[in-house]
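These notes are about the structure you will find just below.
These figures come from a predicted structure and were not determined experimentally.
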Amino acid sequence: MVLRTNNLSIELVGREISGRPVPGRPRRPAGPYLLGLPALLLSSLLLIPVGVTVVAAFRLPDGSFGFGNFAVMADPAALHAVGNSLAWVAVAFGLVVLGFLLALVSYRLPAVSSFLQPALVIPFAVSVLVSGATFRLIFDPTPERGTVTAVWTKLFGTSPVWLGPGMFWLVLVSAFGWTWLGYVVSLFRAGLDAIPDDVSRTIQTEGVTGWRRLRVLELPLLRPITGVVTLTLVIAAVRVFDLVLILVPGSLQQDADVLGINWWRSSAGGTSGRTAALGVVLFAIVAAVGVIGVRGLRRRRWAMPVSVVTAERSVRRPRPSRRTRRVGSTVGFAVALFWILPAIVLVATALHSPTAAGLDGWWSARGFGFESFAAAANVGLLRALLSTLLISSIATVVLLVIAVPTAYLVAWGGLPPWLGRVVTSVFVVLAVTPVQMYAAPLRDAIGAAGLAGSRVALALVHAAAGLPFAVLLLRSAFASAPPVLVAEALQGPARQSAVLATVRRTYRPALVAVAVLEFVLVWNDFIVGFLISGPGSTPLSLVLWGEARQFSASAGTVAAAAVVASIVPVVLLLSFWRTVVRGLTVGSRP
């Protein structure tokens with residue numbers, strides 16, 4: 001066949017095909033794979049100990065392999081712990097529903113958020129130990145010190161023992177909800193605000209309102225955020241550990257046992273196959289929830305829609321009336337004041353002398369002063385602050401240096417699709433792996449290397465534990481960039497800088513979210529330092545827990561140490577909260 005055009009003749013000649021067809025494969029240079037090498041090395045800090053724990057769980061005392069060690073689950077104490085862990089999962093689901101309803105109310109009444117938003121952020125910024133200590137002050141059984149006990153006694157003449165049998169669950173759930181509700185409300189509210197105004201108005205003009213609007217519009221669009229929030233809350237609920245230790249009196253802690261604490265009690269006599277089996281069971285429960293995250297991430301539905309063009313005023317959501325705004329502001333102020341009350345109790349108690357804090361409530365005018373802060377300084381608070389600052393800074397820097405190129409590799413690096421799915425799945429599994437799966441082998445390895453108590457070693461463990469979540473979040477941010485812009489950035493060198501500047505706006509909030517959350521989480525950590533670190537690293541949370549063991553005699557000192565320990569994370573999260581929420585929802589605006 002001959003083709004002629006523009007005085008050019010092209011002759012095409014076919015030939016017989018021999019042999020089987022061979023599919024073409026794009027050339028994949030090996031250079032980009034090196035971007036993932038540091039992540040592989042850092043992740044080995046978790047992968048190898050996890051493998052050791054799994055092998056130990058299935059290795060029987062005679063050297064053979066089987067399920068014999070899992071007979072530990074027939075132990076009534078272990079079964080009780082499993083039941084309590086599943087009850088915490090139910091609490092997490094209930095908190096997600098409550099947070100969504102609060103977000104919906106604040107969306108319908110926007111003025112509510114002006115006061116409520118900062119009040120909800122503060123509890124999320126403080127550590128679980130601080131939350132536990134605060135609620136222990138509020139529910140103190142004596143009406144002279146406990147706020148709730150004093151009010152209840154005034155109203156009803158008598159009061160139950162809030163930290164007694166059965167009643168301690170109310171205090172535990174209250175402290176857990178106080179810590180996490182702000183996170184849930186903020187993310188759902190950001191998702192609701194990301195729904196385009198023209199879509200909302202169109203739905204409304206078609207008569208779709210009330211429950212039907214919720215079912216056909218808001219719930220489907222919020223499905224990605226619902227998955228992320230549910231996953232986070234369920235994992236936090238299953239990992240409940242330090243809250244029980246600081247809040248429940250020692251004589252009742254057996255009743256409040258969860259799998260993590262049961263594992264800790266069992267490992268006190270040394271690592272064994274039965275202890276490893278407990279860790280594997282705990283991991284199985286958490287991993288079952290992690291499947292939701294894998295499905296969501298594979299479908300790349302994490303990101304919410306982002307409005308590129310600002311909608312015209314005529315199609316924007318109508319502004320509420322002045323009366324509605326007043327009602328919203330009043331409701332928001334009242335709820336914010338109630339929500340911030342535990343923080344007020346903590347600060348007021350810290351401003352009493354240790355003697356006055358042990359005798360009177362926070363509302364008493366007797367014993368005001370800074371003696372409790374001086375007492376906290378005498379138990380090593382300043383050294384613990386500097387140590388925690390060093391550990392948090394090292395962990396955050398290491399995490400960012402390794403996570404950014406790894407996320408780039410997974411999102412844009414040209415990995416084969418099957419390898420990208422494998423890498424994503426491995427990071428999801430590591431992100432939900434409880435610390436009990438790697439704590440014992442890692443602690444033994446660090447001790448054998450002579451690094452027990454090393455702050456650098458503890459910082460690297462924190463960086464390894466935070467790496468999976470950071471990579472997944474950054475990878476979603478990279479992947480949510482418009483494909484056309486990505487293609488131009490990779491293939492159009494003439495406009496590469498301009499295109500990259502555009503794409504950078506998509507993942508910059510996620511980068512800030514990773515940095516801020518990693519610093520705050522390491523700053524507030526208790527369980528990693530408690531199970532892995534030696535006495536030399538002296539994280540702040542361990543000092544706080546040591547003082548809280550004699551809570552009734554050192555309430556003022558504990559409150560002062562908790563206030564000092566909370567200043568940095570509270571300031572950091574209040575300063576960057578809007579950007580953090582945008583980063584977590586990959587583009588939504590809070």
Side-chain angles (χ1 to χ4, degrees), residues 84 87-88 90-91 94-95 97-99 101-102 105 115-116 119-120 122-123 126 128-182 240 243-256 330-368 548 550-556 558-559 562:
N84 285 344
W88 275 109
V91 169
L95 200 61
V97 174
L98 177 61
L101 294 177
L102 285 177
V105 170
F115 295 104
L116 189 58
L120 291 175
I122 291 175
V126 304
V128 174
L129 273 181
V130 171
S131 297
T134 304
F135 275 75
R136 192 161 176 174
L137 288 172
I138 294 174
F139 285 92
D140 190 289
T142 59
E144 292 80 12
R145 296 195 302 265
T147 308
V148 175
T149 309
V151 173
W152 192 279
T153 305
K154 194 75 173 177
L155 293 176
F156 303 103
T158 183
S159 173
V161 181
W162 301 107
L163 293 175
M167 296 299 293
F168 63 79
W169 283 109
L170 173 66
V171 187
L172 278 173
V173 173
S174 300
F176 184 81
W178 188 67
T179 301
W180 282 100
L181 193 60
V240 164
L243 189 62
V244 175
L245 289 186
I246 194 171
L247 222 164
V248 181
S251 58
L252 298 175
Q253 285 186 1
Q254 295 281 358
D255 295 337
T330 304
V331 172
F333 180 77
V335 176
L337 190 62
F338 173 77
W339 203 253
I340 210 69
L341 180 61
I344 296 174
V345 171
L346 184 69
V347 174
T349 304
L351 290 174
H352 284 75
S353 67
T355 304
L359 295 175
D360 303 319
W362 59 275
W363 58 85
S364 172
R366 187 172 55 178
F368 261 113
Q550 296 84 34
F551 197 89
S552 57
S554 59
V558 171

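Here the shortest heavy-atom pairing between Trp363 and Gly146 reads CH2-O, 3.9 Å. Nearest heavy atom pair, residue Ala175 against residue Leu247, reads CB-CD1, 3.9 Å. When every heavy atom of Gly367 is checked against every heavy atom of Ala356, the shortest pair comes out as CA-CB, 3.8 Å. Listed here is the closest heavy atom pair of Leu346 and Val130: CD2-CG1, 3.8 Å. Taking each heavy atom of Trp178 and Ala343 in turn, the nearest pair found is CZ2-N, 4.0 Å. The two residues Thr149 and Pro143 come nearest to each other via the heavy atoms CG2-N, 3.8 Å.
Remark: Thr355 OG1 to Asp360 CG distance equals 10.5 Å, nearest 0.5 Å. Distance check, rounded to the nearest 0.5 Å: OG1 of Thr349 to CH2 of Trp362 gives 8.5 Å. Leu163 CG to Asp140 CG: the interatomic distance, rounded to the nearest 0.5 Å, is 8.0 Å. For the atom pair OG of Ser174 and CH2 of Trp162, the computed distance is 9.5 Å after rounding to the nearest 0.5 Å. To the nearest 0.5 angstrom, Arg136 atom CZ is 12.0 Å from Thr134 atom OG1. How far NE2 of His352 is from CG of Leu359: 11.0 Å, rounded to the nearest 0.5 Å.
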side-chain contact (heavy atoms from CB on, under 4.5 Å) between Leu181 and Trp339, intermediate numbers included: CA-CA 10 Å; Leu181 193 60; Trp339 203 253; 3.5 Å; yes

From CA spacing to verdict: side-chain contact (heavy atoms from CB on, under 4.5 Å), Trp169, Val248: CA-CA 9 Å; Trp169 283 109; Val248 181; over 6 Å; no

Verdict with supporting geometry, Thr153 and Thr158, side-chain contact (heavy atoms from CB on, under 4.5 Å): CA-CA 5 Å; Thr153 305; Thr158 183; over 6 Å; no

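Enclosure of atom CZ in Phe156 by more than 12 non-hydrogen atoms of other residues, nucleotides or ligands within 6.0 angstrom is indicated.
Taking 4.5 Å as the limit, every side-chain heavy atom of Pro123 sits out of range of all side-chain heavy atoms of Trp180. The side-chain heavy atoms of Thr179 and Phe176, taken from C-beta on, include no pair separated by under 4.5 Å.
Residue Thr147 forms a side chain to side chain contact (heavy atoms under 4.5 Å, CB included) with just one option from Ile138, Leu137, Ile344, and that option is Ile138.
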